[in-house]
Number of protein chains: 2
Amino acid sequence: MTSAPEPAPEPDERLSLVFSALADPTRRDIVARLTAGDATVNELAEPYDVSVQAVSKHIRVLEDAGLVSRSRDAQRRPCHLEAEVFDLMTKWIERYRRAAEDRYRRLDAVLERMDAQDGPPVPTPRTTKEAEAS
Amino acid sequence: MTSAPEPAPEPDERLSLVFSALADPTRRDIVARLTAGDATVNELAEPYDVSVQAVSKHIRVLEDAGLVSRSRDAQRRPCHLEAEVFDLMTKWIERYRRAAEDRYRRLDAVLERMDAQDGPPVPTPRTTKEAEAS
DNA sequence: CGATTGGTCAACCGATCGGTTGAATTACCT
DNA sequence: AGGTAATTCAACCGATCGGTTGACCAATCG
């Protein structure tokens, strides 16, 4: 009972966990430091002026988000940065960055056409309502 | 007093705001829908079964994070998705994704060397403690 | 003008968060 | 076996979060 088999969260909740985990500056700093190599809880806790328990909790959050994994080394539990998750984030972000770019391009095209002819009276970009109707 | 000039948050806090804003699935959904075009608060609130005030708050959070901007159109306040912020996130993520990759490459090199000679007795990756000493 | 539409402000509520302290657990070391 | 180092568990605390309801602007329409 001590180790539940982790019911494998669906990707949307996974994203929530990852973003939420990285919303805390201390947690981001821990991630940054782990890029230099694996580290134990005590090593990670040393630079901050909070209790070791607090850092342990932070690591737990990162672990639940899939950002770090841990192995066993005697009584130590070294933390290891998982790279895979960054791909997940990059994919999510890239999708919307690209969409925004496309929107810019479309707007540019409209402006160009407006410039070529005289002024059509609808310069406002389409709302989602209008988009649904198409 | 009603409109403070926004003291321009430093990049680290900015990252906290962005990640925190995107940690909520409703907010991510709003962002997704805004890629199809600008939309008003009421339009954005319509699909969800929460109050308009709640959605208004969500939009406020996205705005504070710099993810959306708003203009005026009569009594309407159309929301517009800001693309710039995604670059900030991508830059942050890419940095650590790359670092993780480098770490893999270094490990591969070590393993190769171990394979060429007989076995050097230190297969464990360096800890941050050790990294500091170098 | 008064009524209505679009949106926000204010106060409140239960849940979660980041932090604490104290006790328990686990594995090593004489 | 006893001691101690590394980590986690448990209970608690104040602050913030996501949500509600009700009142309050602000701008348009009759």
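Quick note: numbers below take in every heavy atom, side chains included, and nothing from hydrogens, waters or symmetry partners. Proteins get letters first, then strands, A, B, ... in listed order; numbering begins at 1 in each.
Residue A:Ser56 places no side-chain N or O under 4.0 Å from the OP1 or OP2 atom of D:dT7. Neither OP1 nor OP2 of C:dT5 sits under 4.0 Å from any side-chain N or O of B:Asn42.
Annotation: side chain to side chain contact (heavy atoms under 4.5 Å, CB included) contacts of A:Glu94 (sequence neighbours excluded): A:Arg97, A:Arg98, B:Thr90.
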**Message:** Strictly under 4.0 angstrom, non-hydrogen atoms only: write out the protein contact profile of nucleotides 10-21 of chain C, one letter per nucleotide from the 5' end, B, S or -.
**Reply:** -B------SBBB
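Within residues 65-77 of chain A, the residues that have a heavy atom under 4.0 Å from DNA chain C are, in order of number, A:Arg72, A:Ala74, A:Gln75.
Taking atom CG of residue A:Asp64 and atom P of nucleotide D:dT8, one finds them 12 Å apart after rounding to whole Å. Atom CD1 of B:Ile59 is separated from atom C1' of C:dT8 by 11 Å (rounded to the nearest Å).
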**Message:** Evaluate A:Val68 against A:Ile30 for side-chain contact (heavy atoms from CB on, under 4.5 Å), listing each step before the verdict.
**Reply:** CA-CA 10 Å; A:Val68 316; A:Ile30 290 177; 5.8 Å; no
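Counting heavy atoms from C-beta outward, A:Arg77 and A:Ile59 have side chains that stay 4.5 Å or more apart.
Taking every heavy atom of both residues into account, A:Arg70 and A:Cys79 meet most closely at NE-SG, 4.1 Å.
A distance-only check finds a donor-acceptor pair linking the side chain of B:Arg28 to the backbone of A:Asp12 [under 3.5 Å]. Checking side-chain atoms of A:Arg27 against main-chain N and O of A:Leu62 turns up no donor-acceptor pair under 3.5 Å. No side-chain donor-acceptor contact under 3.5 Å links A:Thr40 to the backbone of A:Pro78.
At a threshold of 4.0 Å, the pair B:Asp64-B:Arg60 counts as salt-bridged, since one of the basic side-chain nitrogens sits closer than that to a carboxylate oxygen.
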